[in-house]
Every structure is written in C-alpha cells, then in structure tokens.
Amino acid sequence: MFKKLEDLSKPTLLSKTGVKELKQSFNEQYPFFKEVEDEIFPKKSNIQSFKLRSEYKVEIVQVDKDYICFTKEDLVIPHLKLVHKFPDLIIKQQVDAGAIKHILSGSDVLAPGLISQGGQLNQAQKGQVVAIYGEGKENAMGIGIMNASSDEIKKDPKGHAIQLLHHLGDALWQLSFK
Amino acid sequence: MSDSDDDIFKKKKPSKKKIEQQQKQQEQQLLLQQQKQLKQELNQTEQQMNNPKHPKLVIYCRICTFPVEFCSFSKTPKECKEWLKTSFNELYAILYPEEFKLEQEKQAALLEQQRLIAQHQLLFQPLGKKKRNKTKVKESDMVYLKVKERNRNKFITTLSGLEKHGLDIKETSKKISKKFGCGSSINEKGAIELQGDLTEELIEWLPKEYPNIKEDMIAIKDK
C-alpha cells in the first residue's frame, strides 16, 4: 500500500473529539492499550494528521514528530516503530525463514509459510490486524490483515492468508528516518 | 580608499575543503553522542527489561535503517557489517560468529610472528668492536690551537692552555722554534704565537713529548 508517497497533504491539528475517537477505537481493538496510554499520548503534546489523496480515507497520525499509527476507514493500524517498542500490543504470527526475502519486497503471505515447520499460527478472526515475525528474529517485519480465520487456514492451506499493508523499508518507514 | 573597502576585498569565504571537513567533524560528533546514549540505555536494570510496560530498545543500523539483524536483506550488506564492527563489537560477535573467529585467529597469528622475530633478534646480536667508554674531557685540561692570517700565504698559530699541565712557556716556545724552524713569541695573555701553519704537526708532536697531554685534549678553535 505504501510503495510511493506522492499525494501527502499538509498537517492539520486534531480536535479534542478526534483524539477521543482515536483512543476509543484503540481501546476496542487492542486491550493492552490501557496500560501504555500515557506513554504513547503524553499530555500537552501536538497531535497532527496527514491525509493521503491517492487512497480512500487513509490518514497518518503524528505525535511530536513521531509517527504512531494510520487509519483505514474504521481500523486503526499502528506503525512498526510502536510495535518494536511494545511488542505485546498485537497478535503475533511467524513465518518460515525462506519467505522473509519476499515479504520485505512487498508480497502477500501465503498459507504454506504459516503451516510449515518454521511457522506459528495463533488464534485470530477474519479482518483482524496482525504482526508478522520471521523465523529466528526478534523484531517484527510487517503488519497485515487476515483474509480468513485461523481455523479455516488449518483445514485448507491454500492461497493468500494475510494481506500486507506495511513492511520494513517502504515509504512510510523511510518517512520517519529523514 | 577607506578601510572598509580593503576589508571587503580581503575577506575570503572558507574554501570547499574546509566546509567538507567541518561537516565530517559534525557528523562524527553526532555519531559519538548517539552511541553514548544507546550504551547508557542498554545498561538498564533487569526489572525494567522484563517489564512489558517499559518501552523496549531496538538498535537501528545507521546505513540501511533496518534493525540490526535484518541488515543482510538490505541493499548494502557489506557496508552495514563494517559499521557494526566499529560501533558495536559485541553485537558483531553474536550476529556473525564465523567472521569474528577468523579475525581473532589472524590477530593471534600476527602476534606470534612478532614474538618470533623479537626472539631471533635477541639470539643473533651482531658482534661489534667494544668501544672504550669515552670519559669526557674536562675543560681545565683542554689545549687550544688557533690559526690566523697575517698576509696572503702567511699564517699565525696560537697555543693556549699549556700552563694547566705544569709546563714552562719559555722552554716550550724555544723547543718548538728549534724543531720546526719558525719564529715564536709570547702573547700578553700567556699564549705562544708561532709563524706559519703548524696545526697538523703540533697535533702529532705534542703527545709524544709530553705524555700528559692526550690526543683528545687538543682542539682547534675557530673564530
């Protein structure tokens, strides 16, 4: 999704109601968020948002020059740096070692990579946000959305299992390192 | 012409080389500061490390902006390795253990070679002549010779410092004038003046006659 960032608009300050809605949706999707709320959104901080014109209803949220998350229609998806800091936020799925090369260049995750010996499949439902790890590595590699629940994948290991949204080295990742 | 105009013409902007040097120095200082911060934070207590509420520290490679374990999947794997060597040696040993061993073996081999060379030098010292320990000659024993020009092709030599060895001035001047066939006289200061250039002959003759005087004690003074 973030191969090229061309149509970024100027940053606008989020109003109080906007911040409240953000935090509500965070709480619903990630139950661990309550304990870490004060460290992610400190008091007296500048919360800004960018809009992407090339996609439909996508916004990027920034807190004091740190990129935190982006929203897509109704879902809230955290940035990879947040996941590195607090790895307990999201459900983890592990992939085989031979698939790391392909994921870092932007392809989707296929089902045999999750079921083989080097991978782990955890409980998840359709449409949930999930973090992808590699075999033998400590830190997360990418974030995606499940196409089908984990029970169905175990029965029929065929086709695309996870749709990739954000991975290491794409345009959003390079934005935060300028 | 006022002074302000001269200053404008004399002022030079720093050349391109200086600007580049300054930029490099600033980058190095930034690097050092970042490394210090990271090392301070790495020395966290164990309680903080295990606490899930505390943010976890991750080291990002400076060249490819990936976490350090993903450097081999980036576009510049060789340069990332060299950066790791200089900045974080401990992580380099963990992530690339084979190359770390090779380098250690090379260094050990180099040290052994140096030890062998040092041992060889000790055993086979070159046998040289033993030099006599030169005891410094005191100034009180020195005898000085001087040569002056009187006219073209005519010289005068002066001897001084003979009294310290217990020699009579008049007798020595007579002996020298008889031996070498030259005129001699005595100076106001107590030195002998001889006609002609007699430095070489005096250097040979003086130690033979008076064994108190040695060759080291004679010196030629220049103006």
Side-chain angles (χ1 to χ4, degrees), chain A residues 30-42 63-64 66-68 78-90 92 95-107 131-142 166-178, chain B residues 23 26-28 30-31 33-35 37-81 83-84 87-100:
Chain A
Y30 310 108
F32 187 74
F33 179 73
K34 288 180 199 172
E35 305 160 20
V36 200
E37 189 178 337
D38 289 330
E39 297 198 19
I40 302 178
F41 291 103
V63 169
D64 276 344
D66 275 336
Y67 291 93
I68 284 193
H79 196 268
L80 262 178
K81 270 196 169 181
L82 240 197
V83 178
H84 285 160
K85 277 189 199 174
F86 304 104
D88 287 340
L89 263 181
I90 299 187
K92 304 178 190 178
V95 176
D96 214 12
I100 296 177
K101 199 175 46 167
H102 296 284
I103 289 178
L104 286 180
S105 58
S107 75
I132 304 170
Y133 285 73
E135 185 188 353
K137 311 281 182 182
E138 265 186 48
N139 297 311
M141 249 179 357
H166 176 46
H167 65 91
L168 271 184
D170 65 353
L172 228 200
W173 177 259
Q174 288 173 5
L175 246 194
S176 61
F177 270 96
K178 271 187 185 176
Chain B
Q23 280 177 357
Q26 284 174 1
E27 283 178 8
Q28 281 172 2
L30 276 174
L31 265 177
Q33 281 175 4
Q34 280 176 4
Q35 281 175 20
Q37 281 177 1
L38 279 172
K39 283 186 182 175
Q40 278 175 6
E41 288 173 347
L42 276 174
N43 296 330
Q44 292 168 345
T45 56
E46 281 189 8
Q47 283 180 357
Q48 285 179 347
M49 293 280 275
N50 291 330
N51 194 6
K53 295 186 189 177
H54 201 77
K56 186 183 158 192
L57 230 206
V58 177
I59 300 173
Y60 296 107
C61 176
R62 200 161 195 272
I63 296 173
C64 60
T65 71
F66 282 5
V68 173
E69 38 191 15
F70 285 103
C71 268
S72 51
F73 295 101
S74 66
K75 294 180 183 176
T76 59
K78 287 184 187 176
E79 296 158 14
C80 292
K81 267 189 206 176
W83 180 83
L84 243 194
S87 48
F88 295 100
N89 219 359
E90 302 153 351
L91 286 174
Y92 185 77
I94 294 171
L95 287 173
Y96 305 100
E98 298 168 349
E99 295 172 3
F100 192 66

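Everything numeric here is computed off the predicted structure, so don't read it as measured data. By convention in this document, chain letters (A, B, ...) are assigned in the order of the sequence lines, proteins followed by strands, and residues within each chain are numbered from 1.
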Handout entry: For A:H167, side chain to side chain donor-acceptor pair (under 3.5 Å) partners two or more places apart
Key = none
Handout entry: Part of A:L168 within contact of chain B (heavy atom distance under 4.5 Å)
Key = both
Exercise for the section: Taking A:K101 for its side chain and B:F73 for its backbone only, find out whether a donor-acceptor pair lies under 3.5 Å. Expected result: no
Fill in the blank from the handout: Ranked by heavy-atom pairs below 4.5 Å to chain B, first place among A:L104, A:I100, A:L82, A:V36 goes to A:I100
Practice task
Would you please name every residue forming a ring-ring contact (aromatic ring centres under 6.0 Å, His included) with A:F86, sequence neighbours left out?
Solution key: none
Handout entry: Residues of residues 89-97 of chain B with any heavy atom under 4.5 Å of a heavy atom in chain A
Key = none
Problem - Side chain B:E69, main chain A:E138, donor-acceptor under 3.5 Å - result: yes
Handout entry: Ring geometry between B:Y60 and A:W173 (parallel below 30°, tilted from 30 to 60°, perpendicular above 60°)
Key = perpendicular
Exercise for the section: Kindly indicate whether the side chain of A:S176, heavy atoms from C-beta on, has any atom under 4.5 Å from the side chain of B:T65. Expected result: no
Completion exercise
A:H79 meets the side chain to side chain donor-acceptor pair (under 3.5 Å) criterion, sequence neighbours left out, with none
Practice task
Please examine the side chains of B:K56 and A:N139, heavy atoms only from C-beta on, and report whether any two atoms are closer than 4.5 Å.
Solution key: yes
Exercise for the section: Please indicate whether A:K81 has more than 12 foreign heavy atoms, meaning atoms of other residues, nucleotides or ligands, lying under 6.0 Å from its NZ. Expected result: yes
